[in-house]
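Written out below as structure tokens is the structure these notes cover.
Given the structure is predicted, the values throughout are model-derived calculations rather than measurements. Side-chain atoms are counted along with the backbone in the values below, which use heavy atoms only and exclude waters and symmetry mates.
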Amino acid sequence: LPISMKHYQPNFKHKKIRERFTKAIEFVERYVHRTPVPVSKTQIVEHFGQAQKSSSKYLKEHLLICTDEYFNWQTGVCKKYIRNEQGLKYLKEQLGISLVKPELQAQLDTGDFIYTEKSDRFFNPLQYQPRRVKRPVMTANGYNYNYDIECCAPTLLYQYARRLAARDGVLLELPYIELYLQDRTYVRDELSIKHNLSTDVIKQIITSVFQGAQLGLNHRTRLYQLLGGNFYVIQKLKTDDYISNLLLELKTMWSYITTDMKLSSNKKRINGRDKAGKYRELEKEVMAVINRELKRTKNKFLLEHDGWISKEICDVDYIRVLVKNKTGYQIKIDWEIWE
């Protein structure tokens, strides 16, 4: 056993220990998953405590597994970690942490979920839970129907660009984007096999570039971090026939959107944050229609940014027609029953 585990054993009944350990657990459950993510020393100190303390070492040993020791404080490159699932489970058992706090249980009972609005999105603590945790909580409380807008970001951004192009008398047709919207599973599987990356990573890459993210060797970008700064993989992806053509089409798509954004905001330059904000604006417009309809039918539901989980089954076809009539966007909705 590591030295700190041999000689340090926390008093799980002590109030300050419980508070510190709970804070660390909440950070890990929200931010660290099975895919390696960069975690800075500042984040560890904030959520785990000072590195020299036994309690901080104990938390790191139980909650984090380092997958890449390289860091460079001058360039901002951090060590990468995945979650220690066994250690997390052990600590939660020792602390007797309930998955649902009383105030959240009250929201589950009434269906009156409290959201905090930030950047055109509505947040509730239940949304942060990974599916393996959230699903049993929701089903135990009678929320058995899970809905997602299929390819929400690509769908809305492409249709929005086509709307702007049509205003200028241009019929915008981008076949590589349309192929992804028609059969995203096929595209993801092909790229996954070709580049030896998981379909989840491929999905994150495509969703990110749709929202204006750069696929390159800038260590500060999200995709560079996602791909672990692997020069070979990044270069292969950039020269891939499908991805290179997709990037060209996305440049065309965004040219219409950014031109309109500059005119409406008097901004000379549109950055990645602006582009992500435009998508959230479109997403909010669509979800507002769905939100009103679910409330009208008195269905209890938890919003999920581009989807929702409800107690009663929804008329998906009617919701699609309603969204089309109210916003002009044609959406597809995936749904499943959680037993």
Kindly determine whether K300 and D112 satisfy salt bridge (charged side-chain N to carboxylate O under 4.0 Å, His left out), including the steps that lead there. CA-CA 8 Å; K300 294 180 180 179; D112 296 325; over 6 Å; no
Could you go step by step and tell me if H47 and Y31 meet the ring pair (Phe, Tyr, Trp, His ring centres under 6.0 Å) rule? CA-CA 11 Å; H47 298 284; Y31 182 72; 8.7 Å; no
Using a strict threshold of under 4.0 Å (side-chain N to carboxylate O), is an ion pair present between K203 and D189? no
Does K92 come within less than 4.0 Å of E29, counting only side-chain N to carboxylate O? yes
Ionic contact status for K267 with D274, cut-off 4.0 Å: yes
Going by the angle between their ring planes, with limits at 30° and 60°, are F27 and F48 parallel, tilted or perpendicular? perpendicular
Below 4.5 Å, heavy atoms only, C-beta onward: do C151 and Y180 meet side chain to side chain? yes
Rounded distance [0.5 Å steps], CG in L246 versus CD1 in I205: 11.5 Å
Going by heavy atoms in the side chains, are L191 and Y186 under 4.5 Å from each other? no
Mind checking whether L197 and H195 have side chains closer than 4.5 Å, heavy atoms only? yes
Do D200 and R188 sit within salt-bridge range, that is, some charged N less than 4.0 Å from a carboxylate O? no
Taking NZ, NE, NH1 and NH2 as the nitrogens, is one of them in R121 or E304 under 4.0 Å from a carboxylate oxygen of the other? no
Could you tell me whether F122 atom CZ has more than 12 heavy atoms of other residues or ligands within 6.0 Å of it? yes
Could you give the distance from NZ (K15) to CZ (R20), rounded to the nearest 0.5 Å? 14.5 Å
E281 with K278: basic N within carboxylate O range, under 4.0 Å: yes
Below 4.0 angstrom, N of the basic side chain to O of the carboxylate: do D120 and K284 qualify? yes
Report the relative orientation of the aromatic rings in W335 and Y147; use parallel for angles under 30°, tilted for 30 to 60°, perpendicular for over 60°. parallel
Determine whether the aromatic ring centres of Y242 and Y176 lie less than 6.0 Å apart. yes
Please confirm whether R320 makes a cation-pi placement over Y329, using NZ or CZ under 6.0 Å from the six-membered ring centre and within 45° of the ring normal. no
Decide yes or no for Y145 and W308: does some side-chain heavy atom of the first lie under 4.5 Å from some side-chain heavy atom of the second? no
